[in-house]
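Let me begin by presenting the structure, written as structure tokens, before commenting on it.
Basis for what follows: all heavy atoms, side chains included, without hydrogens, waters or symmetry-related copies.
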Amino acid sequence: MPDLTTRTLGVPGATLTYDVRGDLADREQPVLLLIGSPMGASGFPTLASAFTDRTVVTYDPRGVERSVRSDGAGELSPDDHAADLVALIEALDAGPVDLFASSGGAVNALALMAQRPDLVKTLIAHEPPLAGLLPDRENALAACEDIYQTYQRDGMGPAMAKFITIVGFQGEFPADYTSRPAPDPAQFGLPSEDDGSRDDALLGQNLRGCTSYQPDFDALAKASDRIVIGVGEESANELAHRGGEAVAERLGTTPVTFPSNHGGFLGDEYGMPGKPVEFAATLREVLASR
């Protein structure tokens with residue numbers, strides 16, 4: 001296993017923390033950058049361990065875990081994160097990277113690819129939850145807005161219960177979705193009481209900006225031969241899977257099916273393992289084919 005070193009990088013409004021496994025001076029293969037949002041580096045040890053033959057970098061997005069914001073706790077956009085990724089990749093000084101991006105990280109990576117395609121050799125964008133691209137976008141975005149407003153009104157538990165429910169919802173969102181009975185936080189092991197905080201990285205900072213983002217498809221079309229959209233074999237008809245399909249359709253490409261579900265690359269990081277061995281094998285095949 002390559003040695004892990006932790007570094008920090010100052011950017012406007014935040015200090016980013018990132019981890020390097022291996023030697024950045026090794027140019028035999030591109031650096032493999034693994035990102036999520038709001039998932040930080042703590043979600044990627046299992047996947048990183050499958051690529052000991054190359055240098056792997058993970059990081060905490062601003063406002064997540066070790067990457068502390070100094071610009072307050074307001075909402076963030078994928079363009080904000082794309083600017084951070086530009087700074088990070090340039091700081092690595094290792095040439096264009098191979099980039100695997102999951103969930104909100106995939107949305108941020110599409111923003112990066114539209115703005116600075118020179119920094120990325122191949123992008124694998126796995127299940128970007130782009131509700132704003134769906135045929136039922138009005139209802140899907142209303143459901144996301146309801147989660148945000150629930151968080152602002154009632155706190156983390158009730159809002160997270162709604163988020164967990166929306167993640168697994170199958171098919172198009174009906175017009176009456178937000179008027180249905182709210183899920184009980186207790187059924188997910190979540191607190192019902194409000195602790196008063198409103199700085200959650202998912203619910204308070206990234207949810208609305210991520211799901212409503214409109215990628216620059218004119219710019220992305222110029223690099224479409226270096227963009228691979230991934231979807232999970234077990235997540236068909238779920239929001240993030242559908243978002244991935246919508247992006248692929250706009251790019252005129254066919255999504256690659258990855259093993260397991262939205263978090264298929266996970267080991268035991270959060271107690272919800274996917275199929276990490278099979279997932280890593282598919283990722284390796286995709287990178288080799290490019």
Side-chain angles (χ1 to χ4, degrees), residues 1-7 16-24 26 28-61 64-67 81 85 88-89 92 94 96-110 112-113 120-129 167 201-202 227-235 238 240-241 244 255-290:
M1 179 72 68
D3 291 337
L4 183 148
T5 60
T6 297
R7 307 180 184 185
L16 304 179
T17 299
Y18 64 100
D19 300 318
V20 179
R21 294 170 172 84
D23 184 359
L24 289 171
D26 181 1
E28 186 172 338
Q29 297 186 82
V31 166
L32 176 58
L33 177 58
L34 308 176
I35 70 169
S37 181
M39 180 183 287
S42 62
F44 291 102
T46 300
L47 185 57
S49 70
F51 292 90
T52 57
D53 57 325
R54 61 193 299 172
T55 302
V56 177
V57 174
T58 56
Y59 95 121
D60 296 337
V64 174
E65 298 178 20
R66 302 165 298 172
S67 289
H81 291 294
L85 289 167
L88 173 60
I89 296 170
L92 297 177
V97 301
D98 282 337
L99 176 55
F100 171 78
S102 168
S103 193
V107 179
N108 301 340
L110 289 168
L112 167 69
M113 198 68 170
V120 180
K121 180 177 180 288
T122 300
L123 165 62
I124 298 92
H126 184 254
E127 296 209 335
V167 166
L202 168 63
I227 301 173
V228 177
I229 302 300
V231 294
E233 67 176 347
E234 299 174 8
S235 57
E238 294 177 359
H241 185 116
V256 173
T257 299
F258 278 74
S260 193
N261 52 32
H262 188 61
F265 56 89
L266 290 170
D268 292 324
E269 284 88 354
Y270 304 120
M272 299 180 293
K275 296 180 180 177
V277 174
E278 297 90 337
F279 194 102
T282 300
L283 178 57
R284 186 177 289 278
E285 290 172 5
V286 171
L287 290 170
S289 71
R290 313 304 287 190

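With respect to Y59, the side chain to side chain contact (heavy atoms under 4.5 Å, CB included) criterion is satisfied by exactly one of D19, L85, V20, T17: L85.
Between S67 and Y18, the side chains place no donor N or O within less than 3.5 Å of an acceptor N or O (distance only, hydrogens not considered). Looking at E278 and S260, their side chains never bring a donor and an acceptor atom within 3.5 Å of each other.
Residue L99 comes nearest to A109 through the heavy atom pair CD2-CB, 3.7 Å, listed as atom of the first residue, atom of the second, then distance. Minimum interatomic distance between I229 and I227 (heavy atoms only, all atoms of both residues): CD1-CG2, 4.0 Å. Annotation for R54 and L32: closest pair NE-CB, 3.8 Å, computed over non-hydrogen atoms. For the residue pair T55 and D23, the shortest heavy atom distance occurs at OG1-O, 2.8 Å. Taking both residues in full, the closest heavy atoms of F44 and E269 are given as C-OE2, 4.1 Å, listed atom of the first, atom of the second, then distance. Heavy atoms only, all atoms of each residue included: P30 and P96 are closest at CB-O, 3.6 Å.
A perpendicular orientation is assigned to the rings of H126 and F258, their planes being inclined by more than 60° (bins at 30° and 60°).
The shortest distance between side-chain heavy atoms of I89 and L112 falls below 4.5 Å. Taking the side chain as every heavy atom from C-beta outward, I35 and P61 never approach each other to under 4.5 Å.
For the side-chain hydrogen bond (donor to acceptor under 3.5 Å, both in side chains) test, no residue two or more places apart in sequence or in another chain qualifies with N261.
Aromatic ring centroids of F100 and F51 lie 6.0 Å or more apart.
Checked by atom type and distance alone, the side chain of Q29 pairs as donor or acceptor with a backbone atom of D53 at under 3.5 Å. Under the 3.5 Å distance criterion, the side-chain polar atoms of R7 are left unmatched by any main-chain donor or acceptor of L92.
Atom CD1 of residue I124 and atom OG of residue S102 lie 12.0 Å apart, to the nearest 0.5 angstrom. Note that CE of M39 and OG of S103 are 7.5 Å apart. Values are rounded to the nearest 0.5 Å.
Using a cut-off of 4.0 Å between Lys/Arg side-chain N and Asp/Glu carboxylate O, D98 and R290 are scored as not salt-bridged.
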Evaluate side-chain contact (heavy atoms from CB on, under 4.5 Å) for D268 paired with T46, printing each intermediate quantity in order. CA-CA 8 Å; D268 292 324; T46 300; over 6 Å; no
Could you give me the CA-CA distance, side-chain angles and deciding distance for R21 and L34, then say whether side-chain contact (heavy atoms from CB on, under 4.5 Å) is met? CA-CA 11 Å; R21 294 170 172 84; L34 308 176; over 6 Å; no
Residue pair L47, V56: steps toward the side-chain contact (heavy atoms from CB on, under 4.5 Å) verdict: CA-CA 10 Å; L47 185 57; V56 177; over 6 Å; no
Should L287 and V228 be marked as a side-chain contact (heavy atoms from CB on, under 4.5 Å) after you check the CA-CA gap, both sets of side-chain angles, and the distance that decides it? CA-CA 9 Å; L287 290 170; V228 177; over 6 Å; no
